[in-house]
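Structure record follows, encoded as structure tokens.
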Amino acid sequence: MDKRARVFNAMDKKEVDHVPVGFWYHFGKGQNYGEPCVKAHLDYVRDCDTDLLKIMCDSYFNYPIPDDIVTAEDWYKLKPLTKDDPFIAEQVERARRLVEEIGKEMPVFYNVFCPFSSIRFGAGEERVMRDLRENKEAVMHAMMVIGESNALLTKELIQTAGCDGIYYCVQGGEKDRFTYEEYQEMIRPSDLYVLEKANELSDYNILHCCGWAGDSNRVEDWQDYPVKCVNWAVDVEKRPLTKGREFFGGKACLGGFESLHREGMTNQGLLHEGTKEEVQAFTKNLIAEFGKKGLLLGADCTIDSAIDHERIRWVVEAAREV
């Protein structure tokens, strides 16, 4: 069974020869833009022999916010991007080059953020939360506009670049940020707008319930989101793979390994700190507990970019022995 068939079978909860493995990390300066970024992705997945490539959107976190948007009311001025805007066109070209190089060998997914994340990256956390309190309708309008842009990016990534789907990152579910009702009113509509557009283009989209800050989320906010596969922070949420599978309605699950990655803090967990024997025993135990159907091994989120690639190969090797 080749890598493409293995990953798609896993996402479809069909038989696999062995459980597929996929990890990723952010590339630093000198490797986060243009051809050096393409090469860094290729060198990584080929060296580690993973079963899939998740392309990082490094250098494209900050959504372009026009200078004339100053007040909360000004968010009504925001217009969607066109496909020729560098923010979209350059990401699509990155994806196209990677699909061209390795897409026949393994599935390729691209990281796309939800509109709430995009607006915070572009305008700043403090400002967005303040503007939501002052004029939530204006900010909600802006998030739907950004949703149009992110949906267009998704369309170009899949139809033009040839990606197999997106890795859709939702954030903002921290329990002290919004109530469940507030999230459903203010954030969910733009979340689902992009995701539903993605589902029109591909059956293989992954939902990432991001626990990036190490803070527990109200994962119920995302429980019914329509996706093929779900990735969440098993350690942050205290929700192991088997419990998560039940919680998310039997969907395929990606993850299992802890990876704390808050900025300025050291990654931790068995993948980063354990011996080969410990890592491989943990890998085999995850598979034994979950079963081989509907499972893709990975981490809570990004792993440490300084990790020794040998550690990834330990997981790949162990998975292929089961």
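Reckoned from all heavy atoms, side chains included, excluding hydrogens, waters and symmetry mates.
- Taking each heavy atom of E317 and Q280 in turn, the nearest pair found is OE2-NE2, 2.9 Å.
- Taking CG from L53 and CG from L42, the interatomic distance works out to 7.5 Å, rounded to the nearest 0.5 Å.
- Within 6.0 Å of CD on E246 lie no more than 12 heavy atoms contributed by other residues, nucleotides or ligands.
- Ion pair D74/K77 flagged as a salt bridge, since at least one NZ, NE, NH1 or NH2 atom sits closer than 4.0 Å to an Asp/Glu carboxylate oxygen.
- Put simply, the side chain of N205 gets close to the backbone of A198: a donor and an acceptor are under 3.5 Å apart.
- Separating the CD1 atom in I206 from the CG atom in L254 is a distance of 6.0 Å, to the nearest 0.5 Å.
- Between K3 and D49, at least one side-chain N (NZ, or NE/NH1/NH2) sits under 4.0 Å from a carboxylate O, which counts as a salt bridge.
- The aromatic rings of F248 and W232 sit tilted, their planes meeting at an angle between 30° and 60°.
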Worked check of salt bridge (charged side-chain N to carboxylate O under 4.0 Å, His left out) between R320 and D51: CA-CA 11 Å; R320 292 176 184 174; D51 292 287; 3.7 Å; yes
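- Of the N and O atoms on the side chains of Q91 and Y110, at least one donor lies less than 3.5 Å from an acceptor on the other residue.
- A ring-centre distance under 6.0 Å is found for F282 and F257.
- Scanning both residues, L295 and P20, for their nearest heavy atoms gives O-CD, 3.5 Å.
- L286 and V16 are not part of a single hydrophobic cluster, where members link through side-chain heavy atoms under 4.5 Å apart.
- Between Y167 and W24, the ring center distance clears the sub-6.0 Å criterion.
- Clustering ILVMFWY residues whenever any of their side-chain heavy atoms sit less than 4.5 angstrom apart, transitively, puts Y63 in a cluster other than the one holding V70.
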So E35 and R97, salt bridge (charged side-chain N to carboxylate O under 4.0 Å, His left out) or not? Walk me through it. CA-CA 9 Å; E35 279 298 309; R97 286 285 294 111; 2.7 Å; yes
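- By the 4.5 Å heavy-atom criterion applied to side chains, R46 and I102 are counted as neighbours.
- We find that K276 and E310 are not joined by a salt bridge, their nearest charged nitrogen and carboxylate oxygen being 4.0 Å or further apart.
- At distances below 3.5 Å, at least one donor-acceptor pair connects side-chain atoms of N231 with backbone N or O atoms of A299.
- In this structure, CE in M129 is found 5.0 Å from CZ in R177, a value given to the nearest 0.5 Å.
- We find the CE-CG distance between M144 and L78 to be 12.5 Å, quoted to the nearest 0.5 Å.
- Screening I158, T154, D164 against S202 for a side chain to side chain contact (heavy atoms under 4.5 Å, CB included) leaves a single residue, I158.
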Full working for side chain to side chain contact (heavy atoms under 4.5 Å, CB included) between K243 and F247: CA-CA 6 Å; K243 294 293 185 181; F247 178 81; over 6 Å; no
Decide side chain to side chain contact (heavy atoms under 4.5 Å, CB included) for C253 and V230; before the verdict, give the C-alpha distance in whole Å, the side-chain angles of both, and the deciding distance to 0.1 Å. CA-CA 5 Å; C253 299; V230 186; 5.6 Å; no
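- Relative to the six-membered ring of Y183, R188 misses at least one condition, a distance below 6.0 Å or an angle of at most 45° to the axis.
- In this structure, the separation between OG on S259 and NE2 on H272 is 4.5 Å, given to the nearest 0.5 Å.
- K14 contributes atom NZ, which lies 15.5 Å from atom CZ of R6 (distance to the nearest 0.5 angstrom).
- L241 and V322 fall within the same hydrophobic cluster, where Ile, Leu, Val, Met, Phe, Trp and Tyr residues are linked whenever their side-chain heavy atoms come under 4.5 Å apart, directly or through other members.
- Residues Y193 and Y76 do not share a hydrophobic cluster, defined by chaining ILVMFWY side chains whose heavy atoms lie under 4.5 Å apart.
- Across all non-hydrogen atoms, the minimal contact from Q171 to C169 is CG-SG, 3.8 Å.
- Using cut-offs of 30° and 60° on the angle between ring planes, the pair Y44 and H309 is perpendicular.
- Note on E100 versus R96: salt bridge recorded, some NZ/NE/NH1/NH2 to OD/OE distance being below 4.0 Å.
- For L297 against A319, the heavy-atom pair with the smallest separation is CD1-CB, 4.2 Å.
- For the pair K228 and Y204, the distance from NZ or CZ to the six-membered ring centre is under 6.0 Å and the angle to the ring normal is within 45 degrees.
- For K284, the NZ atom sits in a packed shell: over 12 heavy atoms of surrounding residues, nucleotides or ligands are nearer than 6.0 Å.
- For the residue pair T242 and E289, no side-chain donor N or O sits within less than 3.5 Å of a side-chain acceptor on the partner.
- The pair E105-R4 does not count as a salt bridge, with every side-chain nitrogen at least 4.0 angstrom from each carboxylate oxygen.
- There is no side-chain donor-acceptor pair under 3.5 Å between E15 and N9.
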I'd like to know whether I146 forms a side chain to side chain contact (heavy atoms under 4.5 Å, CB included) with S190, so could you lay out the CA-CA distance, the side-chain angles of the two residues, the decisive distance to 0.1 Å, and finally the verdict. CA-CA 8 Å; I146 293 173; S190 57; over 6 Å; no
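- In the hydrophobic clustering, where aliphatic and aromatic side chains (Ile, Leu, Val, Met, Phe, Trp, Tyr) are joined below 4.5 Å either directly or transitively, F61 groups with F113, F121.
- Judged by distance alone, with hydrogens and angles left aside, the side-chain atoms of K251 form no donor-acceptor pair with the main-chain N or O of G294 at under 3.5 Å.
- At a cut-off of 3.5 Å, with distance as the only test, a side-chain donor of W75 or D131 sits close to an acceptor on the other residue.
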Under the salt bridge (charged side-chain N to carboxylate O under 4.0 Å, His left out) criterion, do K175 and D215 qualify, and how do the steps go? CA-CA 8 Å; K175 294 175 181 177; D215 297 325; over 6 Å; no
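- In this structure the side chain of L152 reaches within 4.5 angstrom of the side chain of I88, judged on heavy atoms.
- The closest side-chain donor-acceptor pair between Y25 and D304, if any, does not fall under 3.5 angstrom.
- Closest heavy-atom contact between G250 and K13: O-NZ, 2.8 Å.
- The heavy-atom pair separating S59 from N32 by the smallest distance is OG-O, 2.6 Å.
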Would you check, one step at a time, whether the test side chain to side chain contact (heavy atoms under 4.5 Å, CB included) holds for D300 with V234? CA-CA 6 Å; D300 291 345; V234 293; 3.3 Å; yes
